[in-house]
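What follows is a short report on a single structure.
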Amino acid sequence: MRKIIFVLILGMLLYGCGATKNVGTVTNSTIITHIDILNVVDDKVLVTINPGVINTDTTTFLIPKTIPGTYSIDDYGKYIDGFKAIDYEGNQLSFTHNDVNSWVISDAKKLDKIMYYVNDTYDTEAQVSDAVFSPAGTNILKNHNFVLNLHGFVGYFQNFKEVPYELHITKPKSLFSTTSLKVKSNKTLQLEKDVFTANRYFDVIDNPILYAKANTESFQINDITVTLSVYSPNNVYTAASLKERMEKMMTAQKAFLGDIDGTKEYNILLYLSKMDNADASGFGALEHHTSTVVVLPEAMPRERLEQAMVDVVSHEFFHIVTPLNVHSKEVQYFDFNDPKMSQHLWMYEGTTEYFANLFQIQQGLISEDEFYKRIMDKVANSKSYDDAMSFTTMSKNILKEPYEKNYANVYEKGALINMALDITLRELSNGEKGILWLMKELSKKYDVSTPFEDDKLITEIVKMTYPELQTFFDTHVIGSTPIDYATYFAKVGLGNVTEQQQTGYFLAGEIPFIDVDQENNNAVFVREGIELSTFYTDLGVQGGDVIKSINGTPINLAAIRPIIGESFGWTPETLIKMVVVRNGKEVVIEGKVGSPILNVTKLSSMDSVSEKSLNLRNAWLKN
């Protein structure tokens, strides 16, 4: 999964992963599921599931609590309405709704089918504090668009996740599907129907479907067929207009990966949001074995949209390496309603995010200066999280606090952990081996059906490489000692240089000075642990301040959007009055906005670089 900080995207918009005793036995070979997206009722979709013959007294039906790749509890059962269990004579069977995600059905031997309606998640994202991350969410827009992340529509009967599924989707003739699901048939009737098959429940949720009007393009990357499907509500973007950049990027990715190969088909499902209160507001992407769902604002300027696509799609595609290929038993045998989390987010997300940046410099898509800037941005962003938190402990406990709120650091410090490991491996091997080499070696031993033991991976890596890596893991990954990045930069002849740069009022390029507390009514606060511009320091605003109002306007997530837009037209003489809450007390701040200046720490080549350091840098960035 690749999340983009929400406020960052606001700027872009404006400028351009309970038992019962008698669980039941299913005797037929396939669970038949019907999803009706033609006859939408009150913005809800009817789902009907025939489980076959059940030969015990009770059975439990479940909708996922969490899914692989999200690392959050989302309780998709809360979007289910009107659940019914129907017997063979058409009568309703009694059931117990024990928790939000499970239904225990009585007289299960009589069960013919279950029926329920599904609400989508996009409609409520802006109104709730525990919103589902949009790329893992669902959209129901009658006759126009359906984002079928199937974990939000289709559940499973306890202990029968390995039973095959057949999905019958009744749909409008004007809408077409893009998915990696196996197609059984496409019937052109008065009511058009698609029929898909899946070998097991995991394959159902691992293959999202985008229904939209025809807007697709396909291209070939060696032996991989890539399809880009776009839903653009105002027809701002077409798949044809984005194809060239995606093809160039994925060609570079394949060249970077070399002989690592995880799929023959890959689908990019791009949903562009209008950014109103009833539309998707969480931007980024979610990985699947052979596809990714991407959500971005439709109003983004083309260059920024394309770069965002390059960054998030490359991240998701690299997930074919890990965890989709190299992963632990916790991932292989994922429990959707009682998940046991792996301790290796430093690899699943950190390695993936590192590759998403490293391949761009190695393949000539970005300059060295741009790569260095990205690295330093990650160093700065990582400081706003708990830098002394064990990464393996955080990963194992990511579904609970205080670890959950540090999750986004997997994209920052997680990538930096991999950078330090990469430089160390290059140094110890005279430039021949790096993180990519390591992942290739792991891929030879572990694959989609062969997981590793979670608590043995690091020992395995050390045996494959050098004893020095054990010290690094013990100190900085298992241990809680922060990494001194300057030590690793010096190995490759780089040093820190501080410069003053003019910046924005709420954003430094694509890095936000403010963020949103979704657990506190979407309150907007000034970020802590980062360098603030003179806009904040000259006015006396401090990191951690909660912005209560600006120029008399009460501030929350919705209200800050137009103010960010207005800020691009502010002059140094523009007056501002802010009321902030600091340590429980209101503080009134007034003054001119000025011309914001930010002290920026940059990476630059040292004046005198040894041949050894230069060779190591070249091996790191170009080999």
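- Nearest heavy-atom pair across S395 and S342 is OG-O, 2.6 Å.
- In this structure, CD1 in I221 is found 9.0 Å from CD in Q253, a value given to the nearest 0.5 Å.
- I514 contributes atom CD1, which lies 7.0 Å from atom CG of L507 (distance to the nearest 0.5 angstrom).
- Aromatic ring centroids of W620 and F371 lie under 6.0 Å apart.
- Counting non-hydrogen atoms of other residues, nucleotides and ligands closer than 6.0 Å to NZ of K602 gives a total of 12 or fewer.
- In this structure, the side chains of S443 and V321 come closer than 4.5 Å at one or more pairs of heavy atoms.
- For the side-chain hydrogen bond (donor to acceptor under 3.5 Å, both in side chains) criterion with S180, the lone passing option out of D203, T227, T290, D206 is T290.
- For the pair K264 and D223, the minimum side-chain heavy-atom distance is below 4.5 Å.
- Between F513 and F535, the ring centre distance reaches or exceeds 6.0 Å.
- Here the side chain of N149 pairs no donor or acceptor atom with the backbone of P208 at under 3.5 angstrom.
- A salt bridge links E306 with R302; the closest basic N to acidic carboxylate O contact falls under 4.0 Å.
- Between the side chain of E217 and the backbone N or O of A239, no donor-acceptor pair lies under 3.5 Å.
- Side-chain contact between I483 and F472: present, with at least one pair of heavy atoms (C-beta onward) separated by less than 4.5 Å.
- Judged purely by atom type and a 3.5 angstrom limit, D387 has no side-chain atom pairing as donor or acceptor with the backbone of K383.
- A distance of 11.5 Å separates CG in L416 from OH in Y488, rounded to the nearest 0.5 Å.
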Residues Y466, L425; criterion side chain to side chain contact (heavy atoms under 4.5 Å, CB included); working and verdict: CA-CA 8 Å; Y466 305 94; L425 278 169; 4.0 Å; yes
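- Remark: E611 pairs with no residue by the salt bridge (charged side-chain N to carboxylate O under 4.0 Å, His left out) rule, at least two apart or across chains.
- The closest donor-acceptor contact from the side chain of D447 to the backbone of S449 lies under 3.5 Å.
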The test is salt bridge (Lys or Arg N to Asp or Glu O under 4.0 Å); show your working for E370 and R374 and say whether it passes. CA-CA 6 Å; E370 173 60 24; R374 293 181 178 209; 3.1 Å; yes
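- The shortest heavy-atom contact between F283 and S273 is CE2-CB, 3.9 Å.
- Residues L296 and R304 fail the side-chain proximity criterion, which asks for heavy atoms closer than 4.5 Å.
- Minimum heavy-atom separation, V462 to P467: CG1-CA, 4.0 Å.
- Within 6.0 Å of the CD atom in E468, the count of heavy atoms belonging to other residues, nucleotides or ligands exceeds 12.
- What you find for V326 and T322 is that their closest heavy atoms are O-OG1, 2.8 Å.
- Residues E349 and H315 have side chains that bring a donor and an acceptor to within less than 3.5 angstrom of each other.
- For K445 and E441, the salt-bridge test fails: no basic side-chain N is under 4.0 Å from an acidic carboxylate O.
- Of the candidates L421, L428, D422, L428 is the only one forming a side-chain contact (heavy atoms from CB on, under 4.5 Å) with T424.
- A donor-acceptor pair under 3.5 Å is absent between the side-chain atoms of N406 and the main chain of Y385, judged by distance alone.
- Ring-plane geometry between H344 and F452 is classed as perpendicular, the angle between the planes exceeding 60 degrees on a 0 to 90 degree scale with a lower cut at 30.
- For the residue pair N418 and E353, no side-chain donor N or O sits within less than 3.5 Å of a side-chain acceptor on the partner.
- Rounding to the nearest 0.5 Å gives a distance of 10.5 Å between CG of N615 and NZ of K612.
- Residues D454 and K329 form no side-chain contact, since every pair of their non-hydrogen atoms from C-beta on lies 4.5 Å or further apart.
- Between the T263 side chain and the Y266 main chain, no donor and acceptor come within less than 3.5 Å of each other.
- For T503 (side chain) and I597 (main-chain N/O), no donor-acceptor pair under 3.5 Å exists by modelled atom type.
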Please assess T471 against D474 for the test side chain to side chain donor-acceptor pair (under 3.5 Å), listing each intermediate value before the final yes or no. CA-CA 5 Å; T471 301; D474 287 344; 5.9 Å; no
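- Panel note: side chain N409, backbone E412; no donor-acceptor pair is recorded below 3.5 Å.
- E287 places no side-chain N or O within 3.5 Å of a backbone atom of E316 that could act as its donor or acceptor partner.
- From E531, atom CD reaches atom CG of L598 across 6.0 Å, with rounding to the nearest 0.5 Å.
- The shortest non-hydrogen separation linking T216 to S229 is CG2-OG, 3.4 Å.
- A salt bridge does not link K373 to D369: none of the charged side-chain nitrogens sits closer than 4.0 Å to a carboxylate oxygen.
- Donor-acceptor pairing under 3.5 Å is lacking for the side chains of T179 and N207.
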Step by step, would you call I268 with M309 a side chain to side chain contact (heavy atoms under 4.5 Å, CB included)? CA-CA 10 Å; I268 304 167; M309 286 283 289; 4.2 Å; yes
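- L603 contributes atom CG, which lies 5.0 Å from atom CE of M376 (distance to the nearest 0.5 angstrom).
- Looking at E303 and R245, a side-chain N of the basic residue comes within less than 4.0 Å of a carboxylate O on the acidic one, giving a salt bridge.
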So T351 and F318, side chain to side chain contact (heavy atoms under 4.5 Å, CB included) or not? Walk me through it. CA-CA 9 Å; T351 303; F318 279 130; over 6 Å; no
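- Taking 4.5 Å as the limit, some side-chain heavy atom of L457 sits within range of a side-chain heavy atom of M347.
- Counting all heavy atoms, side chain and backbone alike, M389 lies closest to P402 at CE-O, 4.0 Å.
- The shortest distance between side-chain heavy atoms of T459 and K463 falls below 4.5 Å.
- A donor-acceptor contact closer than 3.5 angstrom links the side chains of E330 and S328.
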Can you list the steps and then say if L436 with L358 is a side chain to side chain contact (heavy atoms under 4.5 Å, CB included)? CA-CA 10 Å; L436 180 57; L358 183 66; 5.9 Å; no
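- A heavy-atom distance below 4.5 Å is not found between the side chains of I366 and N357.
- A donor-acceptor pair under 3.5 Å is absent between the side-chain atoms of H327 and the main chain of P451, judged by distance alone.
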